[in-house]
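Data first, discussion second: the structure below is written as structure tokens.
Convention: sequence-line order gives letters A, B, ...; per-chain numbering from 1. Worth knowing before you read on, the calculation uses all heavy atoms, side chains too, and leaves out hydrogens, waters and symmetry mates.
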Protein chains: 2
Amino acid sequence: MNSKLFRGSLDTIIIKLLSENEAMYGYEITQKVKEMTEEQFKITEGALYPALHRLEAKGLLDTETKHIGNRYRKYYKLTEKGEKEVSTMLSDMAQFIQGLQLVFKTQPIKS
Amino acid sequence: MNSKLFRGSLDTIIIKLLSENEAMYGYEITQKVKEMTEEQFKITEGALYPALHRLEAKGLLDTETKHIGNRYRKYYKLTEKGEKEVSTMLSDMAQFIQGLQLVFKTQPIKS
DNA sequence: TTTTTATGTATAATATTCTTATGTATATTT
DNA sequence: AAATATACATAAGAATATTATACATAAAAA
């Protein structure tokens, strides 16, 4: 897919996943999104890690590092502040999707 | 709406409108999109005009200037090359919208 | 009649975010 | 043994947006 379209949605995707999962690490997020979208959204590390760091710097995410054997994983979870912003971000996204549907008159998926 | 989400979709929106209308001028595009999306998408001039110029530079659009009284308007229309890219861009967009729906499980609009 | 709002195009400085490439390292599969 | 998957990270550069500014005419409102 043309990944240019994807621009601007990454933060909201991360926040959405973390609102449904207690804690996730970066690589897990990329795999989960790939799986959910049937291979359509492929998040690159160059986009993901800076995004996670930005969200952390904004105070929306906290981290916890865990050692698995000789390696480490950095788990991210929503802060209280992050939790509070979830509903706004999701309704902005819902509006955005609806706007795109209005412009492009796509057939919605069956729910 | 959070206009950050909007990033990346502008070119495709312009191309879509021009595929349905023989020729349009910049201001007309902003108004049409605002109307179609029930005020949700507000394209700023600072985003629009550079985008139109880029698409022209890429050979996807041609322009025609018309004088209306003491003023001028610059009409944009798809080139042959532009016409050829419409279907790809629209199917990329359809996939993108579907991907967003899969991640966010939004309620579709009634068609 | 003066002021505000709408119509209309354009650019420049700055900010943001993405792509692409690179780096490092362990674990697992072939 | 080599290739692939897992895992995090950053830097240079590209692309595109925001915000402000500029100029100008037309129409509507005060």
Figure out the [atom1]/[atom2] separation between [X] and [N], and round it to whole Å.
{"X": "A/Leu52", "N": "D/dC8", "atom1": "CG", "atom2": "C1'", "value": "10 Å"}
{"X": "B/Tyr72", "N": "D/dA26", "atom1": "OH", "atom2": "C1'", "value": "16 Å"}
{"X": "A/Phe96", "N": "D/dA17", "atom1": "CZ", "atom2": "P", "value": "11 Å"}
{"X": "A/Lys34", "N": "D/dA7", "atom1": "NZ", "atom2": "C1'", "value": "14 Å"}
{"X": "A/Lys74", "N": "C/dT24", "atom1": "NZ", "atom2": "P", "value": "19 Å"}
{"X": "B/His67", "N": "D/dA26", "atom1": "NE2", "atom2": "P", "value": "13 Å"}
{"X": "A/Leu5", "N": "D/dT16", "atom1": "CG", "atom2": "C1'", "value": "13 Å"}
{"X": "A/Leu55", "N": "C/dT16", "atom1": "CG", "atom2": "P", "value": "14 Å"}

When you check the gap from the basic side-chain N to the acidic O, do A/Lys32 and A/Glu28 get nearer than 4.0 Å?
-> no

Answer yes when A/Lys4 and B/Asp92 have at least one side-chain N-carboxylate O distance shorter than 4.0 Å, and no when they do not.
-> no

Which part of the nucleic acid does [X] contact within heavy-atom distance under 4.0 Å: base, sugar-phosphate only, or nothing?
{"X": "B/Gly8", "result": "sugar-phosphate"}
{"X": "A/Gly46", "result": "base"}
{"X": "A/Phe6", "result": "nothing"}
{"X": "A/Tyr75", "result": "nothing"}
{"X": "A/Ile68", "result": "nothing"}

Comparing nearest nucleotides in DNA chain D, the 5'-proximal residue of the pair B/Glu45, B/Arg54 is B/Arg54

Please say whether more than 12 non-hydrogen atoms of neighbouring residues, nucleotides or ligands are located less than 6.0 Å from CD in A/Glu80.
-> no

Using a cut-off of less than 4.0 Å, is there contact between a side-chain N or O of [X] and OP1 or OP2 of [N]?
{"X": "B/Tyr27", "N": "C/dA6", "answer": "no"}
{"X": "B/His53", "N": "C/dT9", "answer": "no"}
{"X": "B/Tyr49", "N": "C/dT9", "answer": "yes"}

Applying the side-chain contact (heavy atoms from CB on, under 4.5 Å) test to A/Ile43, which of A/Phe6, A/Tyr27, A/Tyr49 qualifies?
-> A/Phe6

End-to-end bend of the helix from C/dT1-D/dA30 to C/dT30-D/dA1 (five-pair axes, 10° rounding)?
->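 Comparing the first five pairs with the last five, the axes sit 30° apart.
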
Between CD of A/Gln98 and CD of B/Gln40, what distance do you get to the nearest 0.5 Å?
->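 If I round to the nearest 0.5 Å, the distance is 5.5 Å.
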
Between B/Lys66 and B/Tyr75, is NZ or CZ placed under 6.0 angstrom from the six-membered ring centre and within 45° of the ring axis?
-> yes

With under 30° as parallel and over 60° as perpendicular, where do the rings of B/Phe96 and A/Phe41 fit, or are they tilted in between?
-> tilted

Indicate, yes or no, whether a donor-acceptor pair under 3.5 Å links the base of C/dT9 to the side chain of B/Arg71.
->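 No such pair is found, so the answer is no.
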
Given DNA chain C, 5'-ward residue of the pair A/Arg7 and A/Asn70, judged by closest heavy atom =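 Result of the comparison: A/Arg7.
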
Between B/Asp11 and B/Leu60, does a side-chain contact (heavy atoms from CB on, under 4.5 Å) hold up when you go through it step by step?
-> CA-CA 10 Å; B/Asp11 287 5; B/Leu60 302 183; over 6 Å; no

